[in-house]
Every structure is written in C-alpha cells, then in structure tokens.
S.K.: 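One structure follows; several queries about it will come next.
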Amino acid sequence: MPLRAAVYCRISLARFDDTLKVDDQERVCRELAAARGWTVAPAHVFKDNSKSAWRRDRKRPGWEAMLAAVKAGEVDAIVVYHGDRLVRQMTDLEALIDLADTKGIRLASPTGERDLDNADDRYILRIEAAGNTREVDATSRRLKRHYERLAEQGITRLGGRGGRAYGFEPDGLTIREADKAVIQEVARRVLAREPMGAIVRSLNDRGIRTVTGALWDHSNMRRVLTKPRMAGLLERRGEIVGEAAWPAILDRETWQTVRDVLGQKASTFTYITHARTHLLSGIPRCGPCGEPLAPRQNARGKHLLGYGCITPGCRKTHRAMHHLDAYVIGATLALLADGRVRKRMQPTTKNTAPLTAEMNKLAQRREQVIADFGDDDEMGADVLRLSVRRIDKRLGELRAEIEAAQTPSLLAGLWNIDRAGWDALELHRRRAAISALLRITVWPSQKRGPGFDPSSVELTPV
C-alpha cells in the first residue's frame, strides 16, 4: 500500500501574510510525494506562514498539528522542501523522534530521504540539526554586532512589521510626511485630553491605517507615540542612549509630555480612556476623604441619579446630578468669558525653552551621578539614592510645568462660548474644559430637604 504522507511548509517572514512562498513549497513537495508513489490527503498539508523555527518560545500551529497527526498514526512519512524548514533546534528533532519511535516514519526532501526508525539516519539528522543550531547562533552574534555598530552611528534597526516604521520610509531615516502629519495631529489631541478611543476611531473612519494595513487601536497608537524614535532619540535595550541619525517628528518637549499624559492612571488624571456617560464622573472630589465622586443612585428613588462618594468607610457625600452639573457648567462658562482668566492661562513662547533646557541638564546630571557613585559601600548607595530621588522630583516638577503650558490647547475655540455652543460640544471636550479650569470639592451638606446648597461645593479656579 502507498505510504500516507504529510506535507510541511514554512517560511520565517511573509510580507503582508503573502502565501506564495509556502504554496511553492507545497507544489514541490507534492511532486516529490507523487514520484515516490505516496499519497497526500488535503488534511495532511501543514503550513506555518511567517513563523520562525529557531526561537524556542515561538508557537508553530502547523508544526503542532503535524506532530498530532504523527502521534495519531495518520501519516507514515513527512515531505518537506528542505530539512531546515522542518527543524532548526535539537529539541524539535527529538520531539519528532520521540513521537515517531517504532512507527517507521520517513522524511523526504529534494535533497534526500531519511528513516526516523533507523539509528544511522537519526545520527545524521542530529548532526544536521546541530549544524542548523550552530548556524543560528552564529547569525545571531553577527546581527547583534551589526546592530551595535549601527547604534554607534545613531541608527537603529530599519523597517518594521510592515516593511518600515510608522512615520518613516523603509530606510528608517527619511520621514514620510503623511505619517508625520498624523502623528503630530494625534499628539495635539492627546494633549487636549481627547480620549484615545475617539482619536483612533476618527483615524479609522478617515481610512488611515498602520503600516501593515491594520486598524488603529489604543495599543498600537500608544506604542507609536511613545517610541523614542518619534523624538529623534536612539533606544537600546529599553534605555535612551543618545541622539539618533534621523530627524524628530515630535520635539522632545512635546514627546515627553505625551508620554507623561499616556502614562498617567485614568483614576487619578482627567485624561480618561474609558467611555463616560456623565459630565462630572470622576472629576469632583469628596471633601472628607479626597477620592473622586462617581455616579450613584439616590436612596429615595432609583431614578434620582447623583454624584456620590463610594469609598468604603466614608460615603458621606452625595449631590443630585442635575443640580451639580448645572452649577459647574455656569461657573465654567463664566470663566471662559473672563478675559483675565484667558490672559492668565495664555502661555508665553519663552516659558518652555528654559524648562526643557533645565530638564536636559538634569537628565545628564542624573546619569553622571549614577556613573560617579559605586554600589560597593552602603553609605555611597544611600547618597546615590538620595541624589537621584531629588533629581527625579525636580524632573517631575518640570514636566508638570511644561504640561501646564499646554493647557490653552484644551480651551482653544471655547473662549466666550455660549450655552448653546457648550451643549453642542462632545462630552470629552466639555469634561476636559472643566478639568482645565476648575478643581471641584464637594462636602456633606448641612442643609436638609430638597434643593441645592452651593455653600457645600468648593469651586477653585486652577
């Protein structure tokens, strides 16, 4: 009876999931099986497109399915385009040998045929697998050294999953202007506290895609914006090692502020990625405990919504939602019509340059302090920690000042707005404006009965 053969095809990297190369491998393998009189069932063609075999932690679904077929006794032979398409690690070969033990599984490729049940053939296969492993290790060393030389020149690995890094041409050094405009637009919107969900939806609706042609989401957009590459900085092993050879898409000040905004926890910052349905959710603070107020139902009726403290051990504060919303909106519109407030919040162009210069000097000072102190004596380590802590504190203050200079962008187009214009704004714009202008603290009211007690609500202009 003819042997039942399985065909295994694999390619390490297929651009845009192109299947041409593995299809070519399948054709060659089928011709080889037919020449030997072996049959290949459609269910016994296993493919791993864009799957590397040298990384031990990489999952290969086709490989796993083929091993299952061997274990179930469904195939008698395996046909592969070349031996290195099948195994690149000794562990892969041993796993295959363990399953094929006593089953008489044969291996065939255009370069020859082996019998996994034959001791001499196993010996040759192990030598070939060891050679493949040695080749992989040597290639890895050469690549690491190559990337180290590039880093010394201010260049990092070129390209990306879609053949290039977003924002740049395939050479990794030339900016793609269309991408640059998108990145700068998204940075402005992030600094305006627009939710990331709204940003990526608008990009997808306009047909703007990632370099692989995929839709934007929170994760991939955050990853692009926070890369040091965007600020013209070179990163090695998670650390910034210097200026890069390519130009910056975002100036370092803007890039750092965007990173800080995206790095803030939603529960403690007005930039909220979760969908909100109420104007003041999480913005007012409970006077007694200081925690944000959340939407709560009134005990007198489930239809009576309010903002209340939900902190265990406190829960002392509650205000009717329609009363507090109206009170805060009135105060916000008053501030947006106040020329003195607008003038006070207007940044000057000379403010941020000294702040950025001081940040750069402090960052260099921090690196120098770490380099000067050793960790071999306990006192030196204590001094190091204290010095670094002081520097980090000042760096945080500087970033906060730079971020504060971006506040007017939140209010652009809102000065002197009337109630009709306010109501027409999207919810995230209204929430951002309130957070930029006011700090709201709500205390337990001493007044009993219906109505609203404004004396229990502190509105402090920022």
S.K.: For Ser455 and Asp453, which I'm curious about, is there any donor-acceptor pair between the side chains at under 3.5 Å?
M.R.: yes

S.K.: Can a donor-acceptor pair be found, under 3.5 Å and without considering hydrogens, that links the side chain of Glu26 to the backbone of Val45?
M.R.: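 Checking the backbone N and O of Val45 against the side chain of Glu26, no donor-acceptor pair under 3.5 Å is found.
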
S.K.: To the nearest 0.5 Å, what is the distance between OH (Tyr307) and CG (Leu324)?
M.R.: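 So the gap between those two atoms works out to 6.5 Å.
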
S.K.: I'd like to check Thr460 versus Leu438 (side-chain heavy atoms, cut-off strictly below 4.5 Å). Are they in contact?
M.R.: no

S.K.: Checking Val457 against Thr441 for the side chain to side chain contact (heavy atoms under 4.5 Å, CB included) test, could you report, in this order, the C-alpha distance in whole Å, the side-chain angles of both residues, the deciding distance, and whether it holds?
M.R.: CA-CA 6 Å; Val457 181; Thr441 305; over 6 Å; no

S.K.: Would you say that Pro454 contacts Phe452 through its side chain, given a criterion of any heavy-atom pair below 4.5 Å between the two side chains?
M.R.: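 Of all side-chain heavy-atom pairs linking Phe452 with Pro454, at least one is under 4.5 Å.
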
S.K.: What I'd like to find out is whether the side chain of Leu336 reaches to under 4.5 Å of the side chain of Asn416, using heavy atoms alone.
M.R.: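 They are not in contact (no side-chain heavy atoms under 4.5 Å apart), so the answer is no.
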
S.K.: Would you please test Tyr8 and Arg60 for side-chain hydrogen bond (donor to acceptor under 3.5 Å, both in side chains) and show each step?
M.R.: CA-CA 11 Å; Tyr8 181 75; Arg60 289 192 283 162; 2.9 Å; yes

S.K.: Quick one: CG on Leu279 to CG on Asp325, what's the gap to the nearest 0.5 Å?
M.R.: 5.0 Å

S.K.: Keeping the roles fixed (side chain from Thr254, backbone from Leu250), state whether a donor-acceptor pair exists under 3.5 Å.
M.R.: no

S.K.: Atom SG of Cys309 and atom CG of Leu293: how far apart are they, to the nearest 0.5 Å?
M.R.: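 Going from the SG atom of Cys309 to the CG atom of Leu293 covers 6.5 Å.
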
S.K.: Between Glu358 and Arg394, is there a side-chain N and carboxylate O pair less than 4.0 Å apart?
M.R.: yes

S.K.: Output yes when a side-chain donor or acceptor of Arg319 lies under 3.5 Å from a complementary backbone atom of Trp443, and no otherwise.
M.R.: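 Yes, Arg319 side chain to Trp443 backbone: donor-acceptor pair under 3.5 Å.
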
S.K.: With side chain to side chain contact (heavy atoms under 4.5 Å, CB included) as the criterion, how do Leu262 and Met196 come out once you've worked through the C-alpha distance, each side chain's angles and the decisive distance to 0.1 Å?
M.R.: CA-CA 9 Å; Leu262 294 178; Met196 185 63 78; 3.8 Å; yes

S.K.: From Arg430 CZ over to Leu280 CG, what is the distance, rounded to the nearest 0.5 angstrom?
M.R.: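 If we round to the nearest 0.5 Å, Arg430:CZ and Leu280:CG are 10.0 Å apart.
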
S.K.: When you measure from the side chain of Ser202 to the backbone of Ile199, do you find a donor-acceptor pair of N or O atoms at a distance under 3.5 Å?
M.R.: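 Such a contact is found between Ser202 side chain and Ile199 backbone.
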
S.K.: Is the terminal nitrogen or CZ of Arg229 (NZ for Lys, CZ for Arg) located under 6.0 angstrom from the six-membered ring centre of Trp246 and within 45° of that ring's axis?
M.R.: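 Checked: cation-pi criterion met.
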
S.K.: Taking atom CD1 of Ile310 and atom SG of Cys286, what is their separation to the nearest 0.5 Å?
M.R.: 11.0 Å

S.K.: So which atom in Ala198 and which in Arg189 form the shortest heavy-atom distance, rounded to 0.1 Å?
M.R.: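 Nearest heavy atoms, Ala198 then Arg189: O-NH2, 3.9 Å.
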
S.K.: Could you walk me through whether Ser281 and Arg431 pass the side chain to side chain contact (heavy atoms under 4.5 Å, CB included) check?
M.R.: CA-CA 9 Å; Ser281 297; Arg431 287 173 52 81; 4.0 Å; yes

S.K.: If I take atom CG from residue Asp217 and atom CG from residue Asn204, how far apart are they, to the nearest 0.5 angstrom?
M.R.: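 CG of Asn204 is found 8.5 Å from CG of Asp217.
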
S.K.: Is a side-chain N or O of Trp255 found less than 3.5 angstrom from the main chain of Ala248, in a donor-acceptor match?
M.R.: no

S.K.: Would you say Arg10's side chain and Lys47's backbone share a donor-acceptor pair under 3.5 angstrom?
M.R.: no

S.K.: For Ile417 versus Trp422, what's the shortest heavy-atom pair and its separation?
M.R.: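 That closest heavy-atom pairing would be CD1-N, 3.5 Å.
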
S.K.: What closest approach, in Å, do Pro247 and Ile175 show between heavy atoms, and which atom pair accounts for it?
M.R.: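 In terms of heavy atoms, the two residues are closest at CG-CD1, 3.6 Å.
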
S.K.: Tell me which pairs pass salt bridge (charged side-chain N to carboxylate O under 4.0 Å, His left out) where either residue lies in residues 202-216, with sequence neighbours left out.
M.R.: Glu185-Arg206

S.K.: Counting N and O atoms only, with roles assigned by atom type, does the side chain of Asn220 sit under 3.5 Å from a partner on the main chain of Leu215, one being a donor and the other an acceptor?
M.R.: yes

S.K.: Less than 4.5 Å apart, side chain to side chain, heavy atoms only: is that true for Met321 and Pro295?
M.R.: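 Yes, their side chains come closer than 4.5 Å.
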
S.K.: With a 4.5 Å cut-off on side-chain heavy atoms, are Met230 and Phe168 touching?
M.R.: yes

S.K.: Indicate the atoms forming the closest heavy-atom contact of Ala187 with Val258, along with that distance.
M.R.: CB-CG2, 4.0 Å

S.K.: Looking only at heavy atoms, what is the nearest atom pair of Tyr327 and Leu459, with distance?
M.R.: CE2-CD1, 3.5 Å

S.K.: Closest approach of Thr311 and Arg315, non-hydrogen atoms and distance?
M.R.: O-CG, 3.3 Å

S.K.: Would you check if Ile249 and Gln184 make a side-chain contact, meaning some heavy-atom pair closer than 4.5 Å?
M.R.: yes

S.K.: Where the side chain of Arg419 meets the backbone of Ile329, is there a donor-acceptor pair that is under 3.5 Å apart?
M.R.: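 Between the backbone of Ile329 and the side chain of Arg419 there is no qualifying donor-acceptor contact (under 3.5 Å).
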
S.K.: With a 4.5 Å heavy-atom cut-off, do Pro288 and Pro444 have their side chains touching?
M.R.: yes

S.K.: Is the backbone N or O of Ala334 less than 3.5 Å from a side-chain atom of Asp338, with the two atoms forming a donor-acceptor pair by type?
M.R.: no

S.K.: Is there side-chain contact between Leu437 and Val462, with at least one heavy-atom pair below 4.5 Å?
M.R.: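 SC-SC contact between Leu437 and Val462 ruled out.
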
S.K.: Asp48 side chain to Gly62 main-chain N or O, any donor-acceptor pair under 3.5 Å?
M.R.: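 Yes: the side chain of Asp48 pairs with the backbone of Gly62.
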
S.K.: Given Leu305 and His278, is the side chain to side chain contact (heavy atoms under 4.5 Å, CB included) satisfied, shown in steps?
M.R.: CA-CA 10 Å; Leu305 277 176; His278 302 294; 3.9 Å; yes

S.K.: Between Ser219 and Arg223, does a side-chain hydrogen bond (donor to acceptor under 3.5 Å, both in side chains) hold up when you go through it step by step?
M.R.: CA-CA 6 Å; Ser219 178; Arg223 190 163 53 247; 3.2 Å; yes

